[in-house]
Trainee: 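Below: one structure in structure tokens.
Just so we're on the same page: letters track the sequence lines, and every chain starts at 1.
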There are 2 protein chains.
Amino acid sequence: MNAPTPLPLGHSKAPSATRGVADRLRQAIISMEFPPGTRLSEGEIATRYDVSRQPVREALISLSRIGLVQVLPQRGTIVTRISTRHMMQVRIAREALESAIVQRACERFDPVIRGSIDAILETQARAASEGDYMTITAADSQFHAALATGADCEMIWQMVLDVKAHMDRVRHLTLQDRDSMRILVEQHRAIVDAIDQRDPEKADYAMRHHLMEILRDLPRVLAERADYFE
Amino acid sequence: MNAPTPLPLGHSKAPSATRGVADRLRQAIISMEFPPGTRLSEGEIATRYDVSRQPVREALISLSRIGLVQVLPQRGTIVTRISTRHMMQVRIAREALESAIVQRACERFDPVIRGSIDAILETQARAASEGDYMTITAADSQFHAALATGADCEMIWQMVLDVKAHMDRVRHLTLQDRDSMRILVEQHRAIVDAIDQRDPEKADYAMRHHLMEILRDLPRVLAERADYFE
DNA sequence: CCTCTTGATCTACCATACAAGTCCATACTA
DNA sequence: TAGTATGGACTTGTATGGTAGATCAAGAGG
């Protein structure tokens, strides 16, 4: 609280318990291990992950900021249910942010990262032909992250990650066939092509078209698993 | 962690200490009471606000997610310094999000909220002619919030609030004269006009033009207060 | 003068104990 | 039977003590 002290920086890489619990919980929620509506108890999670209640509590605070869980004071914590209204806003937000990213990418893009993207796309194409869902998903995340990093939009990418969590959760409910996987890769290629051509409008269109696809099956999921929705 | 239980809802409105500390700290940082680079200590803030360290800690976690503070494990917590690179991304993100909001507002907008906006603008116009900075700022926030709410984008507004905090902090460093206040109100009117006319392109342009204005004086501040930047 | 060690003193982190609110089954009452 | 207390078993919220890690200053040794 005193005078602005430089506070010298040295790097520490100790993985805190809070961070660990947050990551595990986040993954568990996105992967539907804890489906929407699941009641989470600080104490229960603490014993399960073998930490005290405090790190769990702090992890839940972070997740509640993203909107993955809802903390109801003195009453409990639940995994947030899916709402079409919320998902609509999530889609709008992600479209807006990622569209801005690719448009900026058309202005300037780190050539080194540009090179690494080819490798990502190749990995993804191979995984698509093999129907390797895990690799596809990982590469997809890497692709979008590389776009943001290359366009010098790392902070915006952090925001995208938050809304992306909601979309990933829905995507885990929709089975992906190989055709849709191949389409995914083609859409990625279209985005990169537009950036290479320095064509903002084309990049914008390609990205929005790509993101629109993801929530295509939301109505069907709603019909099948109404208990996941609110 | 069990079966998805409905978890009946009843309303509680207890203002938690954590929330209180978070709000006060947030305000203190934005208003430059705690300028960039200020060292914050959990214990010190706890005694100052007369709560224990735990609520303070949780509040700091929330603020660190927004990016207003940086928690360095085992070393300390500081109020984040301003970086032009970060502010560039903040501007891009806010433009993208609020542009999306007004474009959606052109499709559908709650008529009741539309009515309330006139009152906000009138309040703001009066405050502008009187040079009432506090009222201007409050009304500005209300205006943008009303746009988001009317367009049914409340979740997106939450995201905007986070990036807006950074812009508000910078704005606190730039003195506002009455002319720029009047311009502000006119820009708000232009946005509303475009929405009334259901003209997405016009609304988009008006919003981006409005937001661009805010960071106009950033270079000057950088020159004057280099110690606030990194 | 420079380098390294050492220990005092900070910090955030984590665990534990306690407080307070909510819900629900049960028993009591009219 | 219907309605209402009541007590206990949850929940999250808050307070506090202890721990490990980081920094820094003083001093020893070269």
Trainee: Can you list the residues that meet the ring-ring contact (aromatic ring centres under 6.0 Å, His included) rule with A:H86, with sequence neighbours excluded?
Mentor: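 Residues passing ring-ring contact (aromatic ring centres under 6.0 Å, His included) with A:H86: A:H166.
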
Trainee: Let me know the distance between CG of A:L72 and P of D:dG13, rounded to the nearest Å.
Mentor: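 That distance rounds to 9 Å.
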
Trainee: From C-beta outward on A:S41, which listed nucleotide comes closest to its side chain: D:dT11, C:dA12, D:dT14?
Mentor: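 The answer is D:dT11.
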
Trainee: Rounded to the nearest Å, what distance is computed from the CD1 atom of residue B:I78 to the P atom of nucleotide D:dA22?
Mentor: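 About 17 Å, once rounded to whole Å.
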
Trainee: Using OP1 and OP2 only, check whether a side-chain N or O of A:T18 sits under 4.0 Å from C:dC13.
Mentor: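 No.
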
Trainee: Under 3.5 Å, is there a donor on one side chain and an acceptor on the other for B:E58 and B:S62?
Mentor: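 B:S62 and B:E58 do not have a side-chain donor-acceptor pair below 3.5 Å.
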
Trainee: Between C1' on D:dT14 and OH on B:Y49, what's the gap in Å once rounded to a whole number?
Mentor: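 The distance from OH of B:Y49 to C1' of D:dT14 comes to 18 Å, rounded to the nearest Å.
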
Trainee: Distance check needed: D:dT12 P versus A:L40 CG, whole Å only.
Mentor: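 After rounding, the gap between these two atoms is 9 Å.
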
Trainee: Taking ring-ring contact (aromatic ring centres under 6.0 Å, His included) as the test, write out the residues that go with B:F109, two or more places apart.
Mentor: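 Expected list: none.
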
Trainee: On DNA chain C, compare the nucleotides closest to A:Q74 and B:G43; which residue's is nearer the 5' end?
Mentor: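 Result: B:G43.
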
Trainee: Whole Å only: how far is the CD atom of B:E42 from the C1' atom of C:dC10?
Mentor: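 Those two atoms, CD and C1', are 13 Å apart.
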
Trainee: Measure from the side-chain heavy atoms of B:P73 and tell me the nearest of D:dT12, D:dT14, C:dA12.
Mentor: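 My answer, after comparing the listed nucleotides, is C:dA12.
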
Trainee: Could you pull out all residues at least two apart from A:R114 that satisfy side chain to side chain donor-acceptor pair (under 3.5 Å)?
Mentor: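 In terms of side chain to side chain donor-acceptor pair (under 3.5 Å), with neighbours along the sequence ignored, A:R114 is linked to A:D118, A:D196.
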
Trainee: Return the set of residues passing ring-ring contact (aromatic ring centres under 6.0 Å, His included) with A:F143 (not counting sequence neighbours), or none when no residue passes.
Mentor: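 By the ring-ring contact (aromatic ring centres under 6.0 Å, His included) rule, A:F143 matches A:H188.
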
Trainee: Can you list the residues that meet the side chain to side chain donor-acceptor pair (under 3.5 Å) rule with A:D110, with sequence neighbours excluded?
Mentor: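 Not a single residue meets the side chain to side chain donor-acceptor pair (under 3.5 Å) criterion with A:D110.
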
Trainee: Of the residues in residues 51-64 of chain A, which ones touch DNA chain D at a heavy-atom distance under 4.0 Å?
Mentor: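 Contacting residues: A:R53, A:Q54, A:R57.
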
Trainee: Tell me the interatomic distance from B:R19, atom CZ, to D:dT14, atom C1', rounded to whole angstroms.
Mentor: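 In whole Å, D:dT14 C1' and B:R19 CZ are 17 Å from each other.
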
